[in-house]
Amino acid sequence: MLFAQACDFVTAAMEASQLPAATLPEIAFAGRSNVGKSSLVNALTGRKTLARTSNTPGRTQQINFFDLGGRLLLVDLPGYGYARAAKRDIERWNRLIHDYLRGRQALRRVLVLVDARHGLKPADEAVMTELDEAAVSFQVVLTKADKPAAPELEKVAAKVAQAAARHPAAHPELAITSAREGSGLSELRAALAHLLAT
C-alpha cells in the first residue's frame, strides 16, 4: 500500500534554481496560509512531525519535498494569501509557487486545500484559474471538516464543488477531510494511489 511506505524529507527549495530534478511523479499541496497543508501531509503519511505545523500563518516559507517509498514525491508548498512575514518574503515565495506550478513536468496533481469553515476565497480561485491555464490537474480538498456543524459543512461543500466544476483542470470529486479526526483520509489515499497507477 502506497501510504504505508516510509516517507522521508528530501530537500527544501527557496528559489526555482534549488528545485530537485524531477525523477518521480509529484503531488503538490497548495492552499492559503494556515489551511492545514502540513497537517494533511502528516496525516496521510501517518507521521506526526514529518512536515512542520504551526498556528502561525506563513510558517512554511519554502517548497518542501518528501519521498514516499521511492515511488512518489509529496510537495508541501508555502501558503498563499495572508501570512505573518515581510512583504518581500511573501512576494518571493508566491513567485516560487507560480514557477513550480507552471513548469513542473513530473507534477501529476495539485491538491488545492480549502478551509471547510470559510470556503473558497479569491486567492483560491486565482490559483485554480492558473492551474487551468497551465493544464495542471487539481483536486479541491476541504480541510478541518471537524470544525463546522454538519449542515454548514454540507452547504460549503456544495458551493465549493459547484465552483470547482467550472474549472476544466479540476478533478470532479471534492475530498472532505479532517487531519485531526482522520476522516476522508483513506479515500484521498486511495484516489492518489489510483492516480499513480494510471
Side-chain angles (χ1 to χ4, degrees), residues 1-10 12 24-69 71-83 93 97 100-101 104 107-121 123-124 127-128 131 136-148 153 156-157 160-161 164 170-171 173-196:
M1 204 173 113
L2 179 64
F3 281 89
Q5 313 272 327
C7 192
D8 299 296
F9 174 76
V10 179
L24 290 172
E26 296 174 5
I27 303 285
F29 295 72
R32 295 196 313 277
S33 295
N34 225 23
V35 76
K37 292 178 298 298
S38 300
S39 296
L40 186 60
V41 170
N42 289 340
L44 285 171
T45 57
R47 303 274 296 278
K48 286 198 172 86
T49 56
L50 183 67
R52 282 177 60 201
T53 61
S54 168
N55 289 327
T56 307
R59 170 66 72 182
T60 304
Q61 299 187 9
Q62 55 208 11
I63 299 182
N64 293 311
F65 291 81
F66 303 94
D67 183 322
L68 185 60
R71 295 179 55 199
L72 176 69
L73 283 184
L74 302 178
V75 185
D76 188 10
L77 298 171
Y80 49 79
Y82 169 75
W93 78 66
I97 295 168
Y100 171 80
L101 292 177
R104 200 70 178 166
L107 186 56
R108 295 292 298 278
R109 180 165 293 161
V110 176
L111 300 181
V112 177
L113 276 54
V114 173
D115 190 318
R117 296 169 298 181
H118 307 308
L120 288 172
K121 299 286 186 190
D124 301 312
V127 166
M128 289 156 69
L131 292 168
V136 174
S137 167
F138 70 87
Q139 181 173 14
V140 179
V141 179
L142 285 185
T143 60
K144 308 184 185 185
D146 55 303
K147 304 278 190 194
L153 178 62
V156 170
V160 170
H171 182 69
E173 280 173 36
L174 177 70
I176 301 175
T177 66
S178 165
R180 185 191 294 264
E181 293 187 345
S183 58
L185 298 180
S186 56
E187 294 87 341
L188 186 55
R189 286 189 196 105
L192 297 177
H194 176 72
L195 173 69
L196 205 58

Novice: Would a distance-only check, ignoring hydrogens and angles, find a side-chain to backbone donor-acceptor pair under 3.5 Å from N42 to L50?
Specialist: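 At least one qualifying donor-acceptor pair exists.
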
Novice: With distance as the sole test, does R180 use its side chain to make a donor-acceptor pair with the main-chain N or O of D146 at under 3.5 Å?
Specialist: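 Looks like no, no N/O pair under 3.5 Å.
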
Novice: Test your reading of the model: is there a side-chain donor-acceptor pair from R47 to the backbone of C7, 3.5 Å cut-off?
Specialist: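 Pair found, side chain donor or acceptor close to backbone of C7.
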
Novice: First locate atom CG of L40, then atom CG of L74, and finally report the distance between them rounded to the nearest 0.5 Å.
Specialist: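 Interatomic distance, L40 CG to L74 CG, rounded to 0.5 Å: 9.5 Å.
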
Novice: Could you give the distance from CZ (F29) to CG (N64), rounded to the nearest 0.5 Å?
Specialist: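 So the gap between those two atoms works out to 12.0 Å.
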
Novice: Any sub-3.5 Å donor-acceptor pair from T143's side-chain atoms to L113's backbone N or O?
Specialist: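 No; zero donor-acceptor contacts below 3.5 Å.
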
Novice: Between A145 and I176, which heavy-atom pair has the shortest distance, and what is it?
Specialist: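 Minimum heavy-atom separation between A145 and I176: CB-CG2, 3.6 Å.
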
Novice: Can you find a pair of side-chain heavy atoms, one from L142 and one from L153, that are under 4.5 Å apart?
Specialist: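 In short, these two side chains touch, coming nearer than 4.5 Å.
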
Novice: So which atom in L188 and which in A175 form the shortest heavy-atom distance, rounded to 0.1 Å?
Specialist: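 Closest heavy-atom pair between L188 and A175: CD1-CB, 4.2 Å.
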
Novice: Return the minimal non-hydrogen interatomic distance between D67 and L73, and the atom names on each side.
Specialist: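 In terms of heavy atoms, the two residues are closest at CA-CD2, 3.6 Å.
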
Novice: For L2 and A193, work out which heavy atoms get closest and say how close.
Specialist: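 Scanning both residues completely, I find the closest heavy atoms to be CD2-CA, 4.0 Å.
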
Novice: Working to the nearest 0.5 angstrom, can you tell me the gap between N34 CG and K144 NZ?
Specialist: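 It is 5.0 Å, given to the nearest 0.5 Å.
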
